[in-house]
Amino acid sequence: MEGLTYCLETFGCQMNVLDSQLVQGQLCACGMKPVQAYRDADVILFNTCSVRQHAEDKVLSRLGYVRRFKQKRPEVIIAVIGCMAERMQEQLFSTAPYVDLLCGPGELHRLPALLADVHRRRERVIALSGSRSRRTAVLQRALEDDSLEALDLSRAPGPEDNVLQSYVRVQRGCDKFCTFCVVPFTRGPERSRPPSHIVDEARMLVARGCREITLLGQTVNSYLHQENGRPVRFAQLLERVHQIEGLDRLRFVTSFPADWDEDIFRVMRDCPRICPYLHIPAQSGSDRIIKAMRRGYTAAEYLKLIDTARKYVPDISLAGDFLVGFCGETAVDFAATVDVVRQVGYKSLFVFKYSPRPGTVADRNNRDDVPNEVKARRNNELLAIQSEVSLKQKQALIGRTVEVLVEGYSKAARKIVAAGAPAGRGAVGQVESSRPATSLARPPGCELDRGHEVSADKSHQLVGRTPGDLITVFDGAESQIGALVRVRVTDASPLTLFGRIEGVVLPPRGKPDHTGTPLPTHSPL
Ligand code: SAM
């Protein structure tokens, strides 16, 4: 595969973003070169998501689009990897018979070898875990775990990779089987990675310039690994990662309310570099619906958990997921959801219209009986309520100083550069060079400035996040990217804080030399 080019597009959650990073590392290690445009690629890969129909439709439409490249150059390889490959093998081949490779999320460690197979034999290749039972014999399971573990262990970010904020997987799969959710079917059973592997990976990333690590799992707080016959739970794992010297921020997503363990709050309270942030989906505020979803808690228990969180970590910032229009959801059920949203006071909310997923219990046993218009109306209503709540929370910060990890130029600034305006014009006058068209941006999916003015010319607008995950924009200079700074808040919108830099907490780290030793830091800001 040496010398071939590839174009990889990622859909879906943080887990997919991480899988794509690991896959890219493997492809680069076999001499393949990344390109930005499908037309320049010898191999086109889609890393896919099956959580909602909408995500799958997007990939089907992309597959339709790339057909032209395959028609022009039949040797181009088209690969569908991730959850859609696992879930809809036959449908994919009937819709896009020119797809050459299907590779499920549990088989990604084999991707380079599978691609080489397609390339050599010019035959379609399929690698899915679906046929294997969840009750696979213990030995077989151990072998699979080892080879899957190899994918995470193969991680070796190069000098061009932006590791400032990195994900580290702590868990694979999911065993919760919420009645609406396809994840246990596409990602397989829940398995926790060995704590020593997680800590080593985090340490390696910090040595290469990482400041903030987010531990990833479908239900991260259910983490449990037997180490020399003793259980290591999530609270202990957090403590171990927190001890890594040089790590400035530690987060984790996503938490599952029914499995909560108060020790986690104790650790959050006592470890200053763990961010006061919790993403904890409730899905509904109606006990009847929560039960139909088989989530294993009541609304009152969820609210009590939030109270406990605030008792331990008073400034905790909360994010939630809600599903609207689940089978049988009435106006009364939805009113209960609105109630929970108002009572909790989330920092942000992810609201999804229920989308029936083939194979799930809800799809087998219930009718998708809430009309689309009603789902859309409830969706908008929840978002409007959250928007009010978010605005009030953010306005309360005006005049205060927040700590921000500077991630890069804001979306508005990047748009100006993309449109061809010279960088460094106007505003702060500190930027000496035009910015590179790279990579210090956040992974896809981040919310950014929605129109508030910091300066008339936004080409110097930087963006970062507070420990509580509040997006903050302010004018600054390229040399500040990667620093931890203090920002005085001057204005707020529902999604964003706007402010002025007041000072530097920690300057950016120097570029590491990739033998693991960070080089000296840049000159002071
Ligand atoms: N494992 C996490 C949990 O259940 O708490 C979340 C994983 S899921 C990939 C992310 C979000 O997608 C869920 O919290 C849920 O709100 C949403 N989601 C899952 N299945 C869905 C479905 N069938 N239709 C619409 N949204 C869905």
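When a ligand or atom number is given, it counts from 1 through the structure's own listing order. Quick caveat: nothing in here was measured; it's all calculated off a predicted structure.
If you check which protein heavy atom lies closest to atom 11 (C) of ligand 1, you get Asp321 OD2, 3.5 Å.
Between Ala202 and Ile213, the shortest heavy-atom distance links the atoms CB-CD1, 3.4 Å.
Applying the salt bridge (Lys or Arg N to Asp or Glu O under 4.0 Å) test to every pair with at least one member in residues 310-337, sequence neighbours left out, gives these pairs: Arg288-Asp333, Glu329-Arg378. Within the structure, salt bridge (Lys or Arg N to Asp or Glu O under 4.0 Å) pairs that include any residue of residues 252-263 comprise Lys176-Asp259, Asp263-Arg266 (at least two apart or interchain).
Aromatic ring centres of Phe180 and Phe352 lie farther apart than the 6.0 Å criterion allows.
Checked against a 3.5 angstrom limit, the closest N/O atoms of Ser355 and ligand 1 fall inside it. The shortest N or O to N or O distance between Thr254 and ligand 1 is not below 3.5 Å. Geometrically, ligand 1 and Phe322 share no nitrogen or oxygen pair separated by less than 3.5 Å.
Summarising the contacts of atom 6 (C) of ligand 1 with Gln14, His54, Gln218, the nearest heavy atom is found in Gln218.
Within ligand 1, the atoms closer than 4.0 Å to a non-hydrogen atom of Val51 are 9 (C), 12 (O), 18 (N), 19 (C), 20 (N), 21 (C), 22 (C), 23 (N), 27 (C), numbered from 1 in the order shown. Interface of Arg52 with ligand 1, defined as ligand atoms under 4.0 Å from a residue heavy atom, comprises 12 (O), 17 (C), 18 (N), 24 (N), 25 (C), 26 (N), 27 (C).
Put simply, the residue from Leu397, Ile471, Val402, Leu405 that forms a side chain to side chain contact (heavy atoms under 4.5 Å, CB included) with Thr466 is Val402. Evaluated for a side chain to side chain contact (heavy atoms under 4.5 Å, CB included) with Leu63, the options Ile44, Thr95, Leu92 yield exactly one hit, Leu92.
Using 4.0 Å as the threshold, Arg295 has a heavy atom nearer than that to some atom of ligand 1. Using a 4.0 Å cutoff on heavy atoms, Gln53 does not count as a contact of ligand 1.
Taking the charged nitrogens against the carboxylate oxygens, Lys58 and Glu9 have no contact shorter than 4.0 Å, which rules out a salt bridge.
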